[in-house]
Amino acid sequence: MGQQNEVSRSIKINKKYLNLPVQMSEERQQMSFSLGDDPVRKFVIRLSDGEPDYWVFSDVSEYMGQTLKLSFPTAVKGFDQIYQSDKWAGQDSVYQEVYRPQFHFTSQRGWNNDPNGLVYYDGTYHLFYQHNPYEILWENMHWGHATSTDLIHWTEVGEALYPDGLGTMFSGTAAIDVNNTTGFQTGEEPPMILAYTAHLNSTDEGVTQTQCIAYSNDKGQTFTKYSGNPVINSKETWDSQNTRDPKIFWHEPTEKWVMVLFEKDGHSFYNSDNLKDWTFQSHLRGFWECPELFELPIDGNQYNTQWVIYGASGTYMLGEFDGREFTPISGKHQYVQGRFFAAQTFNNIPETDGRRIQFGWGRDIVHPGMPFGQLMLFPTELSLRSTQNGVRLFNEPIQEIEQLYKTSQNWTQLTQAEANEKIQQIKSDLLRIKMKVEILDDTNFEVLFKGQTIARYDMNHNTINDHFYQTAQAESGVLELDILLDRTSVEVFVDKGAFTLVDVLQNPGSKEGLKINSPRGLIKIHHLGVHELKSIWNK
Ligand code: FRU
């Protein structure tokens, strides 16, 4: 640790980025950037005092030509090493780091958690996300932003929302205000609206979480925060510090905006005509964080629909929704388990597409030496299908994944030994593996990768990776697996998406390949498909 006396530097900004060195063994301290006496950015950072572990950057192009004053509480060596450049440090080797996921979105630098503001606008998909630009662990919440035209290849475009006087930028959603109900529209095209939570932690009042909106008139390139923020402050109503994560969408039958908001012990429903003035309607207990609510056809029949509601863990209920209140027609179900959290789906997907497309946060571990932490799970399509147990939510990788196939091989009717011989030949570790397995004279089987059990089905106890599960047709003994393997993650979609397992590869450096195993080897592999995948980062 350096000297305990505030240090400052003045830098005339003539380059796009400030590069800052981070050392994880240092303490977090507050950096502030000011213009004259006006603080314009504040964040905490572990500035290095010795050898940096990695470098992070701050885009300062909005201050071009002005003199920015940097202040930090202690005189660490890293403070003097901060420099401006038109490149951020490490830019040339980004996405080539050993443990960088190759077909999942990760932020170039820093930490990500929840996907935010998933919205489609005029040919572009927008993925915003909870972002700490200054460290590989959670802090300093901003909204990072990336765009794509195919849901597969993403371009990171930088911070969309910076912390402000109302707090740091917690989770929320986006929608296109097609009818200009907000009056924010300035040009020909309707504004994009972000609804987010500002999280304030003050010494006098403790935590206050308020709901705010911001708008863009350039299709999501730049955002202006609404001058009347916050639009909801319900801390006192609920006597709770937990009021966050607004999901907004336009409800056509009532011609109103709906906000589903996590408050205290469940999800509340609000209505608005203009996204600024909100009226509380009802509350449904039993969910925690990141609300999602949408209507889906059952078995593809547009005339037979149900509504799905969930929170951050992904446990869901089916029911009816009249624009004001959710009426459950089922208890809780679970379609996903493991290192998954805070998923949300896209707003404003064109009717010609009509899919309900979801992104979830993949909760990763820290991989040594990496300048980023966490990942987005592969986008999936959600659907409702009839099963032996009634209507259930299904989750499958979007079909666009096929663009990434580099090689594909398919075999049928293999013994366990024959299947293992085929998969031993695989060289790549970026894979989609599909298999249909029948248990003949055994109780269970497992699939291993890099020495780790990534899926284990036990017919006797009806479990998959220790979670209760029965096969699509309970009496069949046949299980289908659709497995996505990236550098540090595994997603397993069971029986065409009836159940999803998400896990981290604990030893991503292991050279051990795929293997199928059962106690007696008495299983039959009806079908085995192996698809080697391309990286999304080399277009
Ligand atoms: C869920 C969550 C949200 C919150 C955000 C903060 O992971 O805790 O409730 O808005 O993360 O980063």
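Every number for a ligand or one of its atoms is a count from 1 in the order of the listing.
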Identify, by atom number and element, the atoms of ligand 1 in contact range of Phe341, meaning under 4.0 Å from any of its heavy atoms. 1 (C), 7 (O)
Describe, in one word, how the ring planes of Phe294 and Tyr310 are oriented to each other, choosing from parallel (under 30°), tilted (30 to 60°) and perpendicular (over 60°). perpendicular
Interfacing atoms of ligand 1 (cut-off 4.0 Å, heavy-atom, Asn113): 5 (C), 6 (C), 7 (O), 11 (O), 12 (O)
Glu139/Lys42 salt bridge by N-O under 4.0 Å criterion: no
Closest non-hydrogen protein atom to atom 2 (C) of ligand 1, residue and atom name please, with distance? Asp114 OD2, 3.4 Å
Asp239 atom CG, over 12 foreign heavy atoms within 6.0 Å: no
Looking at Glu135 and Arg46, is any side-chain nitrogen of the basic one under 4.0 Å from a carboxylate oxygen of the acidic one? yes
Counting heavy atoms under 4.0 Å, the part of Trp138 that contacts ligand 1 is side chain
Report the relative orientation of the aromatic rings in Phe128 and His145; use parallel for angles under 30°, tilted for 30 to 60°, perpendicular for over 60°. parallel
Considering the heavy atoms of Asp245, write down every atom of ligand 1 situated less than 4.0 Å from one of them. 3 (C), 4 (C), 9 (O), 10 (O)
Element-labelled atoms of ligand 1 that are located less than 4.0 Å from some non-hydrogen atom of Met141: 12 (O)
Verify the ring-centre separation between Phe262 and Trp288: is it less than 6.0 angstrom? yes
Enumerate the atoms of ligand 1 whose separation from the nearest heavy atom of Ser171 is less than 4.0 angstrom. 5 (C), 10 (O)
Does any N/O atom on Trp361 come nearer than 3.5 Å to any N/O atom on ligand 1? no
Atom 8 (O) of ligand 1 [closest protein heavy-atom partner, distance rounded to 0.1 Å]: Glu289 OE2, 2.9 Å
Could you tell me which atoms of ligand 1, counted from 1 in the order shown, lie closer than 4.0 angstrom to a heavy atom of Gln130? 5 (C), 6 (C), 12 (O)
Would you kindly check if the NZ (Lys) or CZ (Arg) of Arg109 is within the cone defined by 45 degrees around the ring axis of Tyr54 and under 6.0 Å from the six-membered ring centre? no
